[in-house]
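Chain identifiers are assigned alphabetically (A, B, ...) following the order of the sequence lines, protein sequences preceding nucleic acid strands; residue numbering begins at 1 within each chain. Because the structure is a prediction, the values reported are computed rather than measured.
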Protein chains: 2
Amino acid sequence: MAMPAAMTLLAWNRLVRAADLANQHCAGALRAVGLPPPEWYDVLLALERGGAQRPRDLQAALGIEQYTLSRLVDRMVKARLVSRTPCPADARGHLLQLTIEGLAMRAAMWPIYAEAIETALGARMDEEDRAALARLLAPLAEQPRAEPLSA
Amino acid sequence: MAMPAAMTLLAWNRLVRAADLANQHCAGALRAVGLPPPEWYDVLLALERGGAQRPRDLQAALGIEQYTLSRLVDRMVKARLVSRTPCPADARGHLLQLTIEGLAMRAAMWPIYAEAIETALGARMDEEDRAALARLLAPLAEQPRAEPLSA
DNA sequence: GCCCTTTCGATGCATCTGCATGGAAAAGCC
DNA sequence: GGCTTTTCCATGCAGATGCATCGAAAGGGC
């Protein structure tokens, strides 16, 4: 396998660093006003958009580990933002349902989160560059397909 | 503050996801062959390039939290990859020095790490796009300057 | 010199994460 | 039906992280 070109390494370093800085900025903004971290937002949004759903589906949608979601949901249930209700179709699982408080929390988080994203990303590049960035990152943001078998 | 444009959100989502996937890929590749995680590599490389240095300087160079580095170094010292020696100029601190094993470890990690980067990034976009990506990410990969005071 | 403030680095504690595993229900097979 | 395999989700345990704080040394003013 070829070693990475210099430009690949530069892009790599910047990618990791940019994402990390931006993430920290957002997490910090939410924390600073006493709101839960971004991953809670993702769950709340997914449940609001997709309706009540099973952990397995939510996990796939969010792209996180099974045990990560399991415990994340634990905390959110404890915080009354999400409820677990029995799943009629499969007694192993259950449905995750947004509570009223969860709905309100999503709404409360959005302005803060949005402003943080705008500060970290939107305000630092023009529309053309944002579009170019989104386009370039598209292939990297997908799950890698399985390696095609070589003959 | 303006809410983010749709393109900002798309770029944001892809940025976070792309960095996360790529990171996982690299960490997994190293772990799969029994090597330490990428952040160890960063420390080893910084010490190799910059020579023995103090935690404070290393921390700034790596852009991580003070306590994160403190404990990371703890583990690496325990693994004999790094040694702490008294600092002649400042008795509060000490110098972090790469050991022979640390040097060897950096060399051992590089092929694996490099191949992972190549797979995750280099092989998925052409040279032109890599350059464009690096350019677009440049402003995001810098520490945000302090907000200029408004009049 | 002395005192006060700042910087350096480590650490107690609570929380979070990753890995491996567990138990229970469902699906497939005969 | 009965049996094995697979899927679903939780959890014990060890390790990592974040936050606040601490002790020690350095720096600054006098």
Can you list everything that forms a side chain to side chain contact (heavy atoms under 4.5 Å, CB included) with [X]? Sequence neighbours excluded, please.
{"X": "A:S70", "result": "A:Q66"}
{"X": "A:A79", "result": "A:W40, A:L81"}
{"X": "B:L45", "result": "B:Y41, B:R49, B:R106"}
{"X": "A:L58", "result": "A:V43, A:A46, A:L47, A:Q53, A:L62, A:L69, A:L96"}

task: To the nearest Å, give me how far apart CZ (A:R31) and C1' (D:dT17) are.
output: 12 Å
Salt bridge (charged side-chain N to carboxylate O under 4.0 Å, His left out) partners for A:D20, two or more places apart: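 For A:D20, no residue satisfies salt bridge (charged side-chain N to carboxylate O under 4.0 Å, His left out) once neighbours in sequence are set aside.
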- prompt: How would you list, by chain and number, every residue that makes a salt bridge (charged side-chain N to carboxylate O under 4.0 Å, His left out) with A:E101, sequence neighbours excluded?
  reply: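 In terms of salt bridge (charged side-chain N to carboxylate O under 4.0 Å, His left out), with neighbours along the sequence ignored, A:E101 is linked to no residue.
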query: Between A:A91 and A:E65, which is nearer to the 5' end of DNA chain C once each is assigned its nearest nucleotide?
result: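 Whichever sits nearer the 5' end wins; that is A:E65.
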- prompt: Are B:R130 and A:T8 close enough that a side-chain donor and a side-chain acceptor fall under 3.5 Å?
  reply: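 The criterion, which ignores hydrogens and geometry beyond distance, is satisfied for A:T8 and B:R130.
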Residues within residues 37-50 of chain B bordering DNA chain D, heavy-atom distance below 4.0 Å: none
- prompt: Which hydrophobic side chains are connected to A:Y67, either touching it within the sub-4.5 Å cutoff or through other members that do?
  reply: none
query: What string of B, S and - do you get for nucleotides 4-14 of chain C, 5' to 3', if B is base contact, S is sugar-phosphate-only contact and - is no contact with any protein heavy atom under 4.0 Å?
result: ---BSBBBBB-
- prompt: Any side-chain N or O of B:R75 under 4.0 Å from OP1/OP2 of D:dG15?
  reply: no
query: Can you check whether A:T68 has a side-chain N or O nearer than 4.0 Å to OP1 or OP2 of C:dC16?
result: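 Checking A:T68 against C:dC16: no side-chain N or O falls below 4.0 Å of OP1 or OP2.
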